[in-house]
Amino acid sequence: MADSRPVYLRIADDLRRQIDEGRLAVGDRIPSRSELKRAYEASDQTVDRAVRVLKAAGYAEGQFGRGVFVTDRAPLGTLLRSTGAVDSPFAAEIREYGVAALRRPGPTVPVQPTGPAFGHGPGRTALTWEASSSETPAPAPIAERLGIGPGEPVLCTQYEYLANRHPVQLATSWEPLTITEGTDVVLPERGPYARRGVRGRLAAIGIRVVRARELVGSRPATTPEAEALGCAAGQCVTVVERTHFDGDDRAVETSDIVVRADRWRLEYGITFTS
């Protein structure tokens with residue numbers, strides 16, 4: 001039976017298979033345009049499209065003036081989602097963070113006061129993050145998640161996380177200003193209750209957060225996300241949409257957490273009750 005796939009997909013799938021089977025190893029150069037044209041009797045446009053598919057899937061990256069090379073797709077580690085981890089500033093515990101990355105030569109990164117260290121022993125991961133907050137009208141999708149009207153004021157906080165200098169995660173959080181405006185907890189990263197997590201901060205103003213809901217999906221990375229996470233624009237990222245609720249089932253915070261789908265796995269512990 002004839003292969004009905006477009007030629008560019010056949011080329012991309014063949015190259016992916018060679019990479020998955022180890023015939024093209026990490027760091028190897030992908031055959032050049034002229035080599036692929038001869039091998040598949042394809043046009044420049046078809047070959048270029050096939051290589052773009054590889055890049056978007058995280059299998060390859062271009063190096064200016066040198067060509068296209070196979071990238072390292074081995075998972076760096078697991079982001080553990082748990083009852084305790086969900087509310088931490090980092091929103092996840094790092095487990096088994098890239099041993100190879102930790103062994104790279106260079107100075108050891110000390111644990112900064114801006115972030116904790118995860119893990120145990122000499123392999124502990126130094127985590128730092130930066131955050132910036134600003135007041136903004138709630139976009140319609142965020143307003144729907146928070147149960148407020150579109151355009152109502154929210155505090156938007158954007159986070160960028162690094163683990164041992166490697167980009168790990170991006171997060172954007174939105175909180176209704178009707179809840180926190182004029183209080184000591186209005187800014188998540190400043191004031192007497194800074195870096196206490198959603199539950200810790202809101203407890204200081206008498207709000208008890210009782211549950212969180214997470215929806216996990218995937219989509220192509222935007223250009224700013226790709227630049228921050230060190231991947232190609234359009235490459236697949238995992239997005240966790242997390243919302244915290246108080247005892248009256250009112251949404252008090254919602255956030256989008258973004259990680260590279262090819263380098264990080266999410267782990268959820270499920271406890272069964274009798």
Side-chain angles (χ1 to χ4, degrees), residues 1-81 92 95-101 141 166-172 214-242 256-268 270:
M1 183 175 177
D3 192 337
S4 61
R5 291 174 299 164
V7 176
Y8 80 92
L9 283 182
R10 280 192 279 136
I11 297 172
D13 287 344
D14 284 351
L15 292 171
R16 261 196 298 247
R17 190 176 304 110
Q18 293 180 49
I19 294 170
D20 288 339
E21 293 174 354
R23 286 181 283 158
L24 282 173
V26 173
D28 285 352
R29 184 177 64 84
I30 298 292
S32 67
R33 177 193 287 172
S34 59
E35 290 168 334
L36 291 174
K37 283 174 59 180
R38 286 195 301 271
Y40 293 94
E41 298 181 349
S43 67
D44 287 353
Q45 293 84 354
T46 298
V47 166
D48 289 347
R49 192 173 183 185
V51 173
R52 286 199 297 272
V53 169
L54 276 187
K55 290 180 178 178
Y59 276 80
E61 64 181 1
Q63 296 182 16
F64 184 75
R66 297 188 61 215
V68 179
F69 294 83
V70 178
T71 54
D72 185 359
R73 298 178 64 252
L76 288 173
T78 297
L79 303 181
L80 177 64
R81 315 293 296 165
R95 174 175 289 178
E96 297 175 357
Y97 177 79
V99 174
H166 296 277
V168 175
Q169 174 183 297
L170 304 176
T172 305
E214 292 194 345
L215 301 176
V216 182
S218 61
R219 59 167 172 76
T222 65
T223 298
E225 288 169 345
E227 290 175 350
L229 294 174
C231 62
Q235 191 169 322
C236 186
V237 292
T238 299
V239 181
V240 181
E241 178 187 303
R242 181 190 65 192
D256 286 338
I257 300 161
V258 181
V259 296
R260 284 180 56 169
D262 64 329
R263 305 309 303 273
W264 290 94
R265 298 173 297 179
L266 301 181
E267 177 183 339
Y268 289 81
I270 301 173

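Start at 1 with the first residue, then count along the sequence.
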Please say whether more than 12 non-hydrogen atoms of neighbouring residues, nucleotides or ligands are located less than 6.0 Å from CD in Q63. yes
Strictly distance-based, threshold 3.5 Å: is any side-chain N or O of E227 a donor or acceptor partner for the main-chain N or O of P224? no
Side chains of L15 and P31: closer than 4.5 Å at any heavy-atom pair? yes
Go through the structure and list residues passing salt bridge (Lys or Arg N to Asp or Glu O under 4.0 Å) with R52, not counting sequence neighbours. none
Looking at F69, is R29 sitting on its ring face, NZ or CZ under 6.0 Å from the six-membered ring centre and within 45 degrees of the normal? no
Looking only at heavy atoms, the pair that brings I11 and A42 closest together is CD1-CB, 4.1 Å
Please enumerate all residues that pass side-chain contact (heavy atoms from CB on, under 4.5 Å) together with S218, with sequence neighbours excluded. C236
Shortest non-hydrogen separation from A12 to L54 and the atoms involved: O-CD2, 3.8 Å
Between atom CG of L170 and atom CG of D256, what is the distance when rounded to the nearest 0.5 Å? 11.0 Å
With sequence neighbours excluded, tell me which residues meet salt bridge (Lys or Arg N to Asp or Glu O under 4.0 Å) with E21. R23
If we ignore angles and hydrogens, is there a donor and acceptor under 3.5 Å between the side chains of Y8 and Q45? no
Applying salt bridge (Lys or Arg N to Asp or Glu O under 4.0 Å) to D14 and not counting sequence neighbours gives R17
Can you confirm whether I257 sits close enough to Q169 that some side-chain heavy atom of one is under 4.5 Å from a side-chain heavy atom of the other? yes
For V68, check side-chain contact (heavy atoms from CB on, under 4.5 Å) against everything at least two apart and list the hits. I30, V51, K55, A60
Here the pair of heavy atoms bringing A25 nearest to V70 is O-CB, 3.3 Å
Apply side-chain contact (heavy atoms from CB on, under 4.5 Å) to residues W264 and T238 and explain how you reach the verdict. CA-CA 9 Å; W264 290 94; T238 299; over 6 Å; no
Could you tell me whether the side chain of R49 reaches within less than 4.5 Å of the side chain of L9, counting heavy atoms only? no
Taking the side chain as every heavy atom from C-beta outward, state whether T71 and V26 have any atom pair closer than 4.5 Å. no
Measure the CD-OG1 distance between E41 and T46 for me, rounded to the nearest 0.5 Å. 12.0 Å
Just jot down the salt bridge (Lys or Arg N to Asp or Glu O under 4.0 Å) partners of R219, sequence neighbours excluded, or say none. E225
Test item: V259 and V237 side chains (from C-beta on) under 4.5 Å apart, heavy atoms: no
At what distance, to the nearest 0.5 angstrom, does CZ of R263 lie from CG of L229? 11.5 Å
For the CD atom of E214 and the CG atom of L266, what is their distance to the nearest 0.5 Å? 8.0 Å
Just do the salt bridge (Lys or Arg N to Asp or Glu O under 4.0 Å) check on R10 and D13 with the steps written out, would you? CA-CA 5 Å; R10 280 192 279 136; D13 287 344; over 6 Å; no
For the student: nearest non-hydrogen atoms of C231 and A221, plus distance: SG-CB, 4.3 Å
Test side-chain hydrogen bond (donor to acceptor under 3.5 Å, both in side chains) on Y59 and D20 and set out the steps. CA-CA 9 Å; Y59 276 80; D20 288 339; 3.2 Å; yes
Does some side-chain heavy atom of K37 sit less than 4.5 Å from a side-chain heavy atom of R33? yes
